[in-house]
Amino acid sequence: MEYDFKEIERKWQQRWAEAGTYHVEIDASRPKYYVLDMFPYPSGAGLHVGHPLGYIASDIYSRYKRQKGFNVLHPMGYDAFGLPAEQYAIQTGQHPAVTTEQNIKRYREQLDKIGFSFDWDREVRTCDPGYYRWTQWAFEQMYGHYYDTAADRAKPIAELEAHFAQRGTEGLHAACGKELHFTAAEWAAYSDKERADVLMNYRLAFQADTMVNWCEGLGTVLANDEVKDGLSVRGGFPVEQKRMRQWLLRVTAYAERLLQGLDGLAWSESLKEIQRNWIGKSTGATMFFPIKGFAAAGEGAKLLEIFTTRADTVFGVTFMVLAPEHPLIGEITAPAQREAVEAYLAETKKRSERERMADTKRVSGVFTGAYAINPFNGVEIPIWVSDYVLAGYGTGAIMAVPAHDSRDWAFARHFDLPIVPIIECDVSEGSYDAKEGRLINSDFLTGLDVKEAIPAMFAEIERRGIGHKKVNYRLRDAIFSRQRYWGEPFPVSYTADGIPVLLPESELPLLLPEVQDFTPTADGRPPLARVDGWGYETSTMPGFAGSSAYYLRYMDPKNDTALVSKTANDYWRNVDLYVGGIEHATGHLIYSRFWNKFLYDLGYVCEDEPFQKLVNQGMIQGRSNFVYRIKGTNRFVSFNLKDQYDTQEIHVDVNIVKNDVLDLDAFRAWRPEFKDAEFILEPDGRYVCGWAVEKMSKSMYNVVNPDFIVDNYGADTLRMYEMFLGPIEQSKPWDTNGIDGVHKFLKRLWRLVENVGDTPATDAELKVLHKTIKKVSDDIENFSFNTAVSAFMICLNELYDSKTTARLVLEPLVALVAPFAPHIAEELWHGALGHPETESVCDAPYPVCDERYLTESSFEYPVSFNGKTRFKRTFDLSMTPSQITEAIAADEQTAKYTDGRAIKKVIVVPGKIINIVC
RNA sequence: GCUCCGGUGGUGGAAUGGUAGACACGAAGGACUUAAAAUCCUUUGGCCAUUUUCGGCUGUGCGGGUUCAAGUCCCGCCCGGAGUACCA
């Protein structure tokens with residue numbers, strides 16, 4: 001019987017669905033394992049062949065773990081709120097809910113064809129009210145909590161109020177927007193509005209006036225990770241800075257824990273590094289510089305506060321720089337400089353964020369006419385204003401040390417300011433930024449190494465009371481409002497004077513109302529403002545809201561009294577393996593960790609980190625094919641002959657090209673203008689196409705649909721081929737050439753197992769089998785699926801040669817291959833191998849490697865002289881190195897190859913190699 | 001600019017410091033077939049031998065180094081990709 005993949009795959013996909021083969025429940029008798037894929041945003045374009053790559057890898061791992069005896073949770077769902085559906089709605093008038101539903105249906109059909117072991121009973125959709133109820137709930141919890149920096153966890157806002165009532169801000173340890181100081185008496189005297197404003201400064205979900213990334217093209221605010229190069233990630237529209245009142249999440253309160261938590265995670269170093277950089281911890285000191293002409297202490301005192309990580313360089317400070325937005329500028333600017341400063345401020349205001357980013361090398365600035373006084377030596381230091389200092393980081397002011405900071409150096413050079421080195425070095429061509437060397441001209445620090453000087457200086461600053469040690473993070477609070485329709489509504493209304501009022505938890509979810517028009521209102525308010533009688537917040541939550549806790553919901557997806565029950569959470573705990581793209585490094589993967597830690601603080605989840613191990617699958621690029629048209633004609637010349645003509649390169653649909661050879665008839669039928677195409681062929685009569693690696697996109701005609709592969713080769717071939725393509729983490733072009741090799745493997749496997757009998761297995765066959773078990777198991781554990789597939793091929797080549805029919809060999813082989821090619825394995829398991837229908841191969845015990853077959857009794861050693869292989873000899877493995885040495889010395893070949901030179905040394909690595917040094 | 005990751009045949013890619021190029025594609029030749037498909041066999045890094053294919057040289061971006069032995073480790077370059085962007 002032939003390998004009829006179509007029939008086999010149809011049959012088993014249907015039976016798995018009917019039998020609920022992949023349904024999982026809590027089972028205390030077995031250890032759990034949670035394998036999660038990043039759920040997709042269901043776009044209108046459907047899946048291309050690159051999308052399932054990670055899903056296939058995780059599915060193989062899930063099936064492997066299941067066969068190993070784990071109770072595996074492997075769910076799937078949809079990240080269904082988002083901008084594209086809404087943009088589409090604006091263009092076509094189709095409601096996002098309708099297109100989203102259609103897209104999900106299409107996704108599901110495509111996914112189902114690939115034979116995944118998802119438990120679809122646990123499907124979640126972020127746009128489902130039963131789901132977003134818990135997104136809104138979490139928001140309300142964040143609103144109701146603040147972060148206690150002493151206890152290092154979130155606490156109810158009521159505790160904060162109690163503290164204020166008792167002691168004001170005295171002895172307070174709380175993460176906040178700005179430092180506030182008031183007494184208990186003052187608190188008692190505050191109005192409701194004033195108290196609400198004070199509390200807002202501490203809530204973990206809070207409102208604030210903040211500079212936001214405003215995207216006019218999308219009509220909404222975007223988070224930092226949704227903006228790249230000054231353009232929106234979705235749509236590529238320009239983004240500008242604008243001051244707006246927004247909801248935010250106080251992610252910064254968790255900065256240190258987000259950073260520390262990385263250490264214990266089995267994530268790739270590069271991913272951790274991206275998160276570390278994004279959090280951007282820097283340890284330094286804030287220091288106060290007196291300003292000439294202003295009091296340094298007492299009533300009306302003016303001090304310039306700066307942040308620096310290089311306090312040791314304070315004797316090299318030759319000027320100070322303020323950000324153009326710095327509040328002190330107006331007060332300290334000397335009358336003579338006022339005009340110039342104002343002109344500069346006006347000019348920088350005009351320059352957009354994009355322009356500032358575009359020419360970071362341009363040096364600009366203006367002198368204020370004011371001077372700061374170096375608290376260590378009393379030297380007067382001119383204060384400048386420049387846009388290379390950012391208002392949003394540190395204190396918006398720096399002490400400039402041009403000798404040891406490249407930006408300060410460039411500034412000093414441009415404005416001809418002095419450059420004073422305090423470490424022995426040459427600063428004529430550039431600054432010396434390295435944190436090493438011995439200090440000079442630095443008073444009490446002179447002679448110290450930089451590494452000693454930094455802590456010494458911190459101590460001195462604190463001793464003199466002119467500043468203190470301080471840790472700064474680059475991480476910003478996450479802006480949580482979007483001026484859009486297709487997202488979770490905020491369950492918040494406002495009193496007449498603007499105090500937020502939460503919808504009681506019992507009344508959640510607050511349903512997203514229907515609208516007809518998805519565009520902003522004429523006065524620029526979000527679409528929800530169009531809804532009559534909508535008494536709630538009109539912005540909606542961002543995309544990351546719904547994806548921040550979905551992994552918890554899968555544990556208990558139908559629970560309508562809690563996000564996840566304690567029982568379910570105690571059993572499933574957190575995600576053991578998370579597979580997805582690295583593009584979420586600074587978005588979803590930060591927000592989820594924050595969200596989880598918050599819920600952990602409140603006792604709703606039992607693990608501090610959501611994703612224990614994380615694998616980033618690479619992106620699959622397109623491999624485009626080209627034909628070469630002779631300019632101005634309808635004649636096409638083959639690749640190797642194209643240089644003889646004046647040609648034009650045209651993308652051709654990769655689906656009508658096989659192994660770079662064009663299907664001429666298919667080409668003529670492809671598009672009407674090629675109906676009468678003529679071809680200049682290679683001498684062997686073929687038309688060869690050129691190729692290039694590009695992004696997979698419709699316009700390049702290089703999109704390969706997984707359905708097409710499944711129809712022509714089967715899901716098992718697709719699964720194995722995607723794995724065979726290369727290391728999972730690596731980005732690589734899709735190339736359908738080569739798929740025949742994997743398909744051939746499955747056909748041979750079919751033919752071999754079909755003839756299974758109860759014949760005995762030879763030692764050689766068992767050896768091959770057990771080596772393969774070992775190799776494949778190790779490879780799966782290491783996520784090296786490409787080499788695992790190779791191991792299968794090597795194994796089959798050998799078994800095929802020996803025409804094995806032994807059940808003892810073939811049955812374990814089928815169980816071993818089942819995670820990769822579940823359909824064929826299932827069919828063989830029941831058909832040729834005769835297992836009853838009730839025993840799915842999914843639960844076949846994973847084959848155990850018998851170590852006895854792995855050991856060798858003898859080994860063919862290559863014998864080398866001075867590193868070059870000269871001959872091979874077989875030695876007994878039980879021989880000791882010295883016995884081997886003796887044997888070699890006695891060998892007549894040895895004499896021949898040494899040319900009479902004496903043997904100095906014989907190096908024997910058991911099982912590997914022998915090298916003779918002459 | 002900084003950080004990280006890479007650079008191996010015509011192609012995708014294998015190689016705990018130990019016979020580089022596994023496995024697969026493609027290509028060439030052959031068997032079977034009326035023919036095609038399918039299947040199977042042989043060859044396939046380069047150069048040079050070939051008076052018996054079971055031999056020689058060379059070879060993992062470039063230049064050095066460590067080692068009996070380097071694709072692998074160290075130093076310095078070159079090239080490509082990703083992240084980040086005035087973060088003090």
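As the structure is a prediction and not an experimental result, all values here were calculated from the model.
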query: Is it true that A:Asp740 and A:Lys747 have a side-chain N and a carboxylate O under 4.0 angstrom from each other?
result: no

- prompt: A:Asn737 CG to B:U11 C1': how many Å, rounded?
  reply: 9 Å

- prompt: Roughly how far apart, to the nearest Å, are B:U3 and B:A70 at atom C1'?
  reply: 27 Å

task: For A:Leu725 and B:C25, give me the distance from atom CG to atom P, rounded to whole Å.
output: 14 Å

- prompt: Taking only side-chain nitrogens and oxygens of A:Tyr388, does any of them come within less than 4.0 Å of OP1 or OP2 of B:A88?
  reply: no

- request: Whole angstrom is fine here: how far is it from CD1 in A:Ile279 over to P in B:G83?
  value: 19 Å

- request: Please lay out, stage by stage, how A:Thr717 and A:His743 fare under the test side-chain hydrogen bond (donor to acceptor under 3.5 Å, both in side chains).
  value: CA-CA 5 Å; A:Thr717 301; A:His743 192 59; 2.9 Å; yes

Find every protein N or O atom lying less than 3.5 Å from an N or O atom of nucleotides 36-42 of chain B, and list the pairs.
from: B:U39; atom 1: OP1; to: A:Lys747; atom 2: NZ; distance (Å): 3.4
from: B:C40; atom 1: OP1; to: A:Arg748; atom 2: NE; distance (Å): 2.9
from: B:C40; atom 1: OP1; to: A:Arg748; atom 2: NH2; distance (Å): 3.2

field: Partner nucleotide of B:U66 by Watson-Crick or wobble geometry (both distances under 3.5 Å)
entry: none

Under-4.0 Å side-chain N/O to phosphate OP1/OP2 contact, A:Asn797 with B:A24: yes

message: My understanding is that a pair needs two contacts under 3.5 Å, Watson-Crick or G-U wobble. By that rule, which nucleotide pairs with B:C2?
response: B:G83

message: On RNA chain B, does the nearest nucleotide to A:Trp278 precede the nearest nucleotide to A:Gly396 from the 5' side, or the other way round? Give the residue.
response: A:Trp278

task: Please say whether more than 12 non-hydrogen atoms of neighbouring residues, nucleotides or ligands are located less than 6.0 Å from NZ in A:Lys732.
output: yes

message: Looking only at side-chain N and O atoms, does A:Thr252 offer a donor or acceptor that is under 3.5 Å from a partner on A:Asp477?
response: yes

- request: Measure from CG on A:Asn277 to C1' on B:A88 and round the result to the nearest Å.
  value: 16 Å

- prompt: Is A:Gln730 near enough to B:G12 that one of its side-chain N or O atoms lies under 4.0 angstrom from OP1 or OP2?
  reply: no

message: Considering only residues two or more places apart or on different chains, which pairs with a residue in residues 776-795 of chain A satisfy salt bridge (Lys or Arg N to Asp or Glu O under 4.0 Å)?
response: A:Lys774-A:Asp778, A:Lys775-A:Asp779

- prompt: Quick one: A:Lys771 NZ to B:C23 P, roughly how many Å, whole number?
  reply: 13 Å

Rounded interatomic separation in angstrom, taking CG from A:Leu390 and P from B:U84: 16 Å

query: When rounded to the nearest 0.5 angstrom, what is the spacing between CZ in A:Phe411 and OG in A:Ser406?
result: 14.0 Å

query: What integer distance in Å separates A:Glu325:CD from B:C86:P?
result: 13 Å

field: Side chain to side chain, A:Val776 and A:Phe820, heavy atoms closer than 4.5 Å
entry: yes

G-U wobble or Watson-Crick pairing nucleotide for B:A20 (cut-off 3.5 Å, both distances): none

- prompt: How long is the gap from OG1 on A:Thr787 to CE on A:Met723, to the nearest 0.5 Å?
  reply: 12.0 Å

Any protein N or O atoms within reach of nucleotides 27-30 of chain B? Criterion: under 3.5 Å, listing atom names and distances.
from: B:A27; atom 1: OP1; to: A:Arg686; atom 2: NH1; distance (Å): 3.3

message: Is it the case that the ring center of A:Phe5 lies less than 6.0 angstrom away from the ring center of A:Trp750?
response: no

- prompt: Looking at residues at least two apart in the chain, or sitting in another chain, which of them share a side chain to side chain contact (heavy atoms under 4.5 Å, CB included) with A:Val661?
  reply: A:Arg686

- request: State, with a plain yes or no, whether a side-chain heavy atom of A:Pro727 is found less than 4.5 Å away from one of A:Asn786.
  value: yes

field: Residue A:Phe724, side-chain heavy atoms: nucleotide from B:A88, B:G12, B:C25 that is nearest
entry: B:G12

Value in whole Å for how far the C1' atom of B:C4 lies from CG of A:Leu271: 12 Å

- request: Write down the partner of B:A35 under the Watson-Crick or G-U wobble criteria, each distance required to be under 3.5 Å.
  value: none

message: Is it the case that the side chain of A:Asn625 and the backbone of A:Gly690 share a donor-acceptor pair, with hydrogens and angles ignored and the cut-off at 3.5 Å?
response: yes

statement: The answer to which of A:Ile739 and A:Glu269 contacts RNA chain B further toward the 5' end, by nearest nucleotide, is A:Glu269

query: Going by distance alone, is a donor N or O of one side chain under 3.5 Å from an acceptor N or O of the other, for A:Asn277 and A:Arg474?
result: no

- request: Pull out every residue in residues 781-794 of chain A that has a heavy atom closer than 4.0 Å to any atom of RNA chain B, ordered by number, or say none.
  value: A:Asn786, A:Thr787, A:Ser790, A:Met793, A:Ile794

field: B:A88 - base-pair partner by Watson-Crick or wobble geometry, distances under 3.5 Å
entry: none

- prompt: What integer number of Å spans the P atoms of B:G45 and B:U60?
  reply: 16 Å

message: Could you tell me the Watson-Crick or G-U partner of B:U42, where both distances fall under 3.5 Å? Say none if there is no partner.
response: B:A28

field: Pairwise C1' distance for B:A85 and B:A14, with rounding to whole Å
entry: 38 Å

task: State whether A:Arg276 and A:Glu273 are salt-bridged, where the test is any N-O pair (Lys NZ or Arg NE/NH1/NH2 against Asp/Glu carboxylate O) under 4.0 Å.
output: yes

task: May I ask you to list the residues of residues 583-591 of chain A, by number, that have any heavy atom positioned under 4.0 Å from an atom of RNA chain B?
output: none

message: Say we look at B:A15 and B:A22: how far apart would their P atoms be, to the nearest angstrom?
response: 12 Å

- request: Give a yes or no on whether a salt bridge exists between A:Glu798 and A:Lys767, defined as a side-chain N under 4.0 angstrom from a carboxylate O.
  value: no

message: Considering every strand and a 4.0 Å limit on heavy-atom distances, what is the contact class for A:Pro727: base, sugar-phosphate, or nothing?
response: sugar-phosphate

task: Please indicate whether A:Lys281 has more than 12 foreign heavy atoms, meaning atoms of other residues, nucleotides or ligands, lying under 6.0 Å from its NZ.
output: yes

- prompt: Mind checking who B:C77 pairs with, Watson-Crick or G-U wobble, both distances under 3.5 Å?
  reply: B:G61

